[in-house]
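The structure under discussion appears below in the form of structure tokens.
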Amino acid sequence: MRVVRGIAVSGGYGLGPAFHVSAHVPTVQERHIEPGQVRTEIQSFNRALQRAREDLKAISQRGLRHLERRVLEIFDAQLLMLDDREMYHQVTQAIRNEHVSAEWGYHRQVQLALDVLAKSQDEYLRQMEGDIRAVSRRVVQYLQGLKHLTLAELTTPSVLLADRLTPADLVQLPRDKVLAIATRGGSRTDHTSLVARSLGIPAVVGARDDLQPDRRGQRVLVDAENGRVFFSPGRTELALYRAYTERVVESRRRAEEVVGQEARTSDGHRIHMHANLELLQEAEFAKSCGAEGIGLFRTEFLFISAARLPDEKTQTDAYTALAEHFAPHTVTLRVYDLGGDKLFYSYRTEDEPNPAMGWRAVRLLLDRPALFRTQLRAMYKTAAQVGNVQIMFPMVSSLDEWKRILAFARRVREELEQEGITPAKRVPLGVMVEIPALALEADRVAPHCDFFSVGTNDLIQYLLAVDRQNPLVIERFDSFHPAVWRMLHNLAVTAHKHDIPISICGDLASDLRALPLLVGVGFDELSTVPGAIPQIKDVIGDFSREEAEALAREVLALHTGKEILSLVKKTWRRWGRRSRRKADR
Ligand code: PEP
Ligand code: MG
């Protein structure tokens with residue numbers, strides 16, 4: 001058995017015969033045409049663009065029924081690239097004046113654009129690079145008289161292995177033929193990963209070793225929970241896979257039953273379940289999963305495909321639509337967390353060596369008051385219209401900084417009051433705890449804010465100094481590290497002491513293994529991806545609050561992440577057996 005490690009981007013497992021696709025990159029050589037061929041060369045360029053356009057439209061149409069809007073927008077963006085007037089002008093001028101072939105003229109222009117992007121550290125621009133390559137490959141293949149390579153040979157359900165897959169590749173694939181995917185390239189946040197998640201395909205990207213199978217059809221298991229690809233998996237791995245599929249079938253059945261119920265431990269302790277949203281279009285889905293409000297609305301994603309950040313009215317309309325949809329439940333709007341690994345970022349003036357620790361979130365907003373003011377005005381206006389809104393601030397690092405933010409927000413509110421716009425009730429302002437310094441200062445910050453929301457994705461990354469995007473260290477991103485639980489426990493105790501609500505909105509909130517520990521250390525509000533809510537509602541009744549607190553006490557006395565995880569798993573097995581016995585009766 002051979003194991004290749006990578007980054008898990010979508011969850012789940014997939015087992016089946018390997019289907020390996022090599023990257024197909026057409027080669028383009030410099031070629032010149034006769035002056036009399038200029039017209040026909042431009043015509044074939046137009047034709048190639050047209051056929052590429054038709055392809056993309058067909059892909060987009062095909063995806064309409066089962067893809068989220070933001071995924072379809074990737075193809076819209078690729079279509080826009082095909083319509084780039086400047087690019088078209090440059091290529092046709094080169095054909096006319098230099099008598100280069102359309103293929104060479106186009107290739108040269110694309111290369112120029114890619115060279116600019118290659119120098120950038122910006123995640124958003126790097127994603128554009130992938131889109132440009134995908135579009136240009138399609139056009140060049142038509143110019144060369146080749147049909148664009150599809151994965152049409154994939155006729156039996158298989159595990160797809162590749163150096164790189166484009167979003168279009170994934171959408172074109174018959175979904176029932178793809179059991180899982182694993183690629184050498186890619187990152188957690190790129191567009192291919194987004195499509196994989198959206199289509200529910202178990203996926204591992206950024207594989208650290210060759211993914212070429214030993215032979216055609218070799219059995220491969222993709223573990224998209226832990227980021228591993230097993231070639232000819234052994235009995236233990238197969239048993240894991242079987243147990244997983246059985247659990248999935250059973251939990252889907254049970255989830256349907258609990259969706260409309262409240263989440264309560266077996267002794268009736270209520271846990272409030274909120275959803276994390278990135279797009280308005282997901283609101284309906286979140287409701288259908290049983291979300292009792294929005295715990296985190298990542299506003300920066302709302303405008304992923306816009307050319308510039310939206311004005312006050314566009315934002316107000318978007319926030320109001322969301323708040324109305326969930327009224328009377330609370331909707332937590334987070335101000336822009338731009339920078340770091342986040343998409344859409346045209347404000348950076350120069351490349352930063354370490355963007356995750358650089359100019360992002362409230363740091364950027366405080367330095368760009370006009371941007372900050374527009375967003376806060378839109379949020380306060382929404383609160384004036386709908387009411388059920390609270391505002392949250394990411395990456396706050398000190399009391400001092402928080403006081404600056406409060407003063408800024410107060411000025412915006414006063415300005416609106418002078419214009420006659422006043423929210424009916426006070427709009428709660430909350431701090432996202434995701435920098436360890438703030439966690440250590442929580443008792444000093446708590447008296448000055450209305451709520452805490454813990455962003456464990458960043459908090460753990462900074463606490464353990466592990467970049468969660470980097471496959472070389474991803475295994476060290478240990479959510480069960482004792483320091484994590486000491487910190488979470490202290491935060492919950494502090495929040496309760498100051499009588500302010502505290503929730504978790506990082507991915508840890510949807511990790512079922514962590515659920516009793518979160519309840520045990522004192523969290524009674526969780527905000528997760530919508531799809532995780534039914535399962536949490538389902539399993540939370542397997543233990544009582546008292547049992548969760550006893551488990552937390554034991555865990556807080558342990559010294560290693562391994563010990564903690566093993567105790568948690570052992571405890572879950574015990575509870576699981578008990579609830580199975582209950583179900584049998
Ligand atoms: C977090 O850091 O845990 C969080 C919820 O914020 P984001 O994932 O958007 O950085
Ligand atoms: Mg964060």
Side-chain angles (χ1 to χ4, degrees), residues 7-11 70 123-124 187-190 193-194 197 273-279 282 286 291 293-304 331-345 354-365 375 390-397 401 405 430-439 442 451-470 474 477-481 484-485 487-488 491-492 502-511 514 518 523 525-533:
I7 308 169
V9 296
S10 54
R70 64 179 157 165
E123 178 78 8
Y124 178 67
S187 73
R188 200 180 71 91
T189 49
D190 72 14
S193 300
L194 195 69
R197 273 197 291 275
M273 291 306 308
H274 296 160
N276 293 349
L277 281 202
E278 281 139 30
L279 289 178
E282 293 168 299
I294 300 300
L296 162 64
F297 184 51
R298 292 180 164 104
T299 54
E300 64 278 3
F301 279 85
L302 187 57
F303 310 110
I304 168 179
V331 167
T332 311
L333 301 171
R334 177 175 79 176
V335 298
Y336 293 139
D337 184 1
L338 293 169
D341 67 336
K342 290 291 162 43
L343 309 157
F344 194 104
Y345 184 27
N354 196 345
M357 293 203 185
W359 197 49
R360 61 175 286 201
V362 291
R363 301 170 181 186
L364 186 152
L365 291 171
Q375 189 170 39
Q390 54 184 22
I391 307 176
M392 172 159 102
F393 299 81
M395 304 288 295
V396 179
S397 61
E401 190 173 44
I405 292 167
V431 167
M432 263 190 98
V433 185
E434 37 187 4
I435 295 182
L438 202 282
F451 64 94
F452 280 154
S453 182
V454 188
T456 45
N457 305 343
D458 277 315
L459 185 64
I460 297 175
Q461 130 162 301
Y462 296 128
L463 184 62
L464 305 183
V466 174
D467 178 355
R468 60 184 163 133
Q469 309 266 0
N470 180 347
I474 199 71
F477 189 92
D478 179 8
S479 314
F480 292 90
H481 190 297
V484 170
W485 291 97
M487 192 160 263
L488 292 177
L491 279 169
I502 182 164
S503 75
I504 295 254
C505 64
D507 290 346
L508 186 63
S510 53
D511 184 336
L518 290 174
F523 287 88
E525 215 177 288
L526 305 177
S527 192
T528 69
V529 285
I533 296 174

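Atoms within a ligand are numbered from 1 in the order they appear, just like the ligands themselves.
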Qualifying residues under ring-ring contact (aromatic ring centres under 6.0 Å, His included), relative to Phe451, sequence neighbours excluded: none

Pairwise side-chain contact, Ile460 with Val466, heavy-atom cut-off 4.5 Å (strictly under): no

Atom of Glu434 nearest the Mg ion (ligand 2) (restricted to N/O/S, atom name only): OE1

Atoms of ligand 1 close to Leu296 [distance to a heavy atom under 4.0 angstrom, numbered from 1]: 5 (C)

Atoms of ligand 1, numbered as shown, that sit under 4.0 Å from any heavy atom of Asp458: 1 (C), 2 (O), 3 (O), 10 (O)

Distance-minimising heavy-atom pair for Met392 and Ser453: SD-CB, 3.5 Å

Per-atom contacts, ligand 1 versus Gly455 - under 4.0 Å to a heavy atom: 1 (C), 2 (O), 3 (O)

Contact check: Asn457 vs ligand 1, nitrogen or oxygen atoms, below 3.5 angstrom: yes

Atom indices of ligand 1, in the order listed, that fall short of 4.0 Å to a heavy atom of Cys505: 5 (C)

Arg334 near ligand 1 by a heavy-atom separation under 4.0 Å: yes

Inter-residue atom distance Arg363.CZ - Asp337.CG, 0.5 Å rounding: 10.5 Å

Asp458, N/O/S atom nearest the Mg ion (ligand 2): OD2

Close side-chain approach of Cys505 and His274, heavy atoms under 4.5 Å: no

Winner among Met392, Arg298, Met432 once heavy atoms are compared against atom 8 (O) of ligand 1: Arg298

Side-chain (Glu434) to main-chain (Met395) donor-acceptor, under 3.5 angstrom: yes

Presence of N, O or S from Asp337 under 2.8 Å of the Mg ion (ligand 2): no

